[in-house]
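Read the structure below first, then the notes.
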Amino acid sequence: MEEFKLEEIEQIYHKSLKYRTITKEEREIINSLFPISPCKEKGTVDYIENNSIQIKDYNALSKDFDFTKLYSENGFKFEEDIAISFDDLQSIDIINGSDLCKYFNFLWYPIAEDMIIINLSFTKVLLLTHYGVVLVYDIIK
């Protein structure tokens with residue numbers, strides 16, 4: 001998790017965001033959910049974009065974008081932890097779903113980064129692209 005994002009949350013809310021960066025072994029488990037290697041020329045974001053369904057009712061760049069609604073409508077539970085990545089699964093943090101929804105505007109920077117969100121039952125992925133498209137990918141085990 002980038003330090004400036006954490007500092008901004010702490011300055012405004014006077015609370016530290018609880019999260020955990022996963023180990024290399026845990027990251028390999030998550031990366032194995034996708035039939036490509038993130039280290040190859042086309043990474044996980046490209047794979048998800050090409051193998052998912054666009055949620056047409058949502059534009060993450062819209063001023064009316066409601067991340068909490070998107071999150072709940074796609075089967076993610078607020079009380080459960082989820083995995084998030086801003087760098088094509090090269091680093092992955094675990095954060096509580098409620099905290100993600102509460103601090104979403106501090107964590108995701110549109111135009112600059114894609115955000116991958118994976119439930120920890122490893123069945124569903126949300127991808128918010130840097131250009132505002134929202135995609136859902138069902139992981140087939």
Side-chain angles (χ1 to χ4, degrees), residues 1-62 64-141:
M1 187 80 59
E2 295 171 306
E3 190 63 34
F4 76 93
K5 295 176 181 181
L6 299 171
E7 289 172 0
E8 193 171 12
I9 290 169
E10 193 165 336
Q11 286 176 350
I12 293 171
Y13 289 95
H14 306 288
K15 178 184 173 187
S16 295
L17 178 65
K18 294 180 186 173
Y19 75 98
R20 176 178 74 84
T21 301
I22 67 172
T23 65
K24 179 182 177 190
E25 292 78 20
E26 291 171 309
R27 190 175 77 241
E28 288 173 0
I29 292 168
I30 291 176
N31 281 321
S32 74
L33 299 171
F34 304 94
I36 53 98
S37 168
C39 299
K40 295 193 176 173
E41 187 177 315
K42 297 243 180 208
T44 307
V45 169
D46 289 326
Y47 177 82
I48 295 169
E49 282 184 300
N50 292 318
N51 294 281
S52 60
I53 298 169
Q54 181 178 349
I55 304 175
K56 300 216 183 271
D57 296 341
Y58 288 94
N59 177 342
L61 299 180
S62 167
D64 299 325
F65 177 63
D66 185 346
F67 178 75
T68 301
K69 182 178 175 187
L70 169 72
Y71 189 82
S72 65
E73 284 182 350
N74 283 281
F76 287 82
K77 298 190 177 4
F78 297 108
E79 65 277 1
E80 294 178 357
D81 289 346
I82 50 92
I84 60 171
S85 177
F86 301 96
D87 59 3
D88 207 31
L89 300 181
Q90 296 302 308
S91 65
I92 302 169
D93 296 314
I94 304 297
I95 183 174
N96 182 267
S98 292
D99 286 342
L100 175 61
C101 290
K102 181 175 183 177
Y103 304 118
F104 174 77
N105 290 330
F106 296 97
L107 297 174
W108 181 61
Y109 281 77
I111 312 294
E113 57 193 13
D114 300 308
M115 181 179 196
I116 300 172
I117 304 165
I118 305 171
N119 66 7
L120 293 184
S121 59
F122 303 126
T123 57
K124 190 166 293 239
V125 177
L126 284 177
L127 171 62
L128 282 67
T129 67
H130 63 278
Y131 50 89
V133 171
V134 178
L135 302 150
V136 64
Y137 173 76
D138 290 315
I139 298 172
I140 301 170
K141 293 184 180 181

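Salt bridge absent: K124 and E80 never bring a charged side-chain N and a carboxylate O closer than 4.0 Å.
S85 approaches S91 most closely through the heavy-atom pair OG-O, 2.9 Å. In terms of heavy-atom proximity, S52 sits nearest to V136 at CB-O, 3.0 Å. Smallest separation of non-hydrogen atoms from D93 and M1: OD2-N, 2.9 Å. The shortest heavy-atom contact between L70 and F65 is CD2-CZ, 3.8 Å.
With values rounded to the nearest 0.5 angstrom, D46 atom CG is found 9.5 Å from L127 atom CG. Here the straight-line distance linking atom CG of L6 with atom CD of E3 works out to 5.5 Å at 0.5 Å rounding. Annotation: the span from T68 atom OG1 to K102 atom NZ amounts to 11.5 Å, rounded to 0.5 Å. A distance of 14.0 Å separates CD1 of I82 from NZ of K77, quoted to the nearest 0.5 Å. Between the CD1 atom in I118 and the CD1 atom in I48 there is a gap of 6.5 Å [rounded to 0.5 Å]. We find the OG-CG distance between S72 and D66 to be 8.0 Å, quoted to the nearest 0.5 Å.
A 6.0 Å sphere centred on CD1 of I53 holds no more than 12 heavy atoms belonging to other residues, nucleotides or ligands.
Side-chain atoms of K5 and Y103, non-hydrogen and from C-beta on, never get closer than 4.5 Å to each other. Side-chain contact check for I117 versus L128: some heavy-atom pair is nearer than 4.5 Å. Between L17 and F106 there is no side-chain heavy-atom pair separated by less than 4.5 Å. Within the 4.5 Å cutoff, the side chain of F76 has no heavy atoms near those of the L100 side chain. Side-chain contact between L107 and I95 is present, with heavy atoms from C-beta onward closer than 4.5 Å. Put simply, the side chain of E2 does not reach to within 4.5 Å of the side chain of F86, judged on heavy atoms. You'll find the side chain of K15 reaches within 4.5 Å of the side chain of D99, heavy atoms only. Between W108 and F67, the closest side-chain pair of non-hydrogen atoms is not below 4.5 Å.
Taking the six-membered ring for Trp, Y71 and F78 have ring centres closer than 6.0 Å.
Side chain of T123 to main chain of I139: no donor-acceptor pair is present (N/O by atom type, distance under 3.5 Å, no hydrogens or angles). The main-chain N or O of E79 is found under 3.5 Å from a side-chain atom of N96 such that the two form a donor-acceptor pair. R27 contributes a side-chain N or O that, together with a main-chain N or O of Q90, makes up a donor-acceptor pair within less than 3.5 Å. Side-chain N or O atoms of D81 include none that pairs as donor or acceptor with a backbone N or O of I94 at under 3.5 Å.
Put simply, the residue from I116, I30, I84 that forms a side chain to side chain contact (heavy atoms under 4.5 Å, CB included) with I92 is I30.
The aromatic rings of Y47 and Y137 lie perpendicular to each other, with more than 60° between the two planes, well past the 30° mark.
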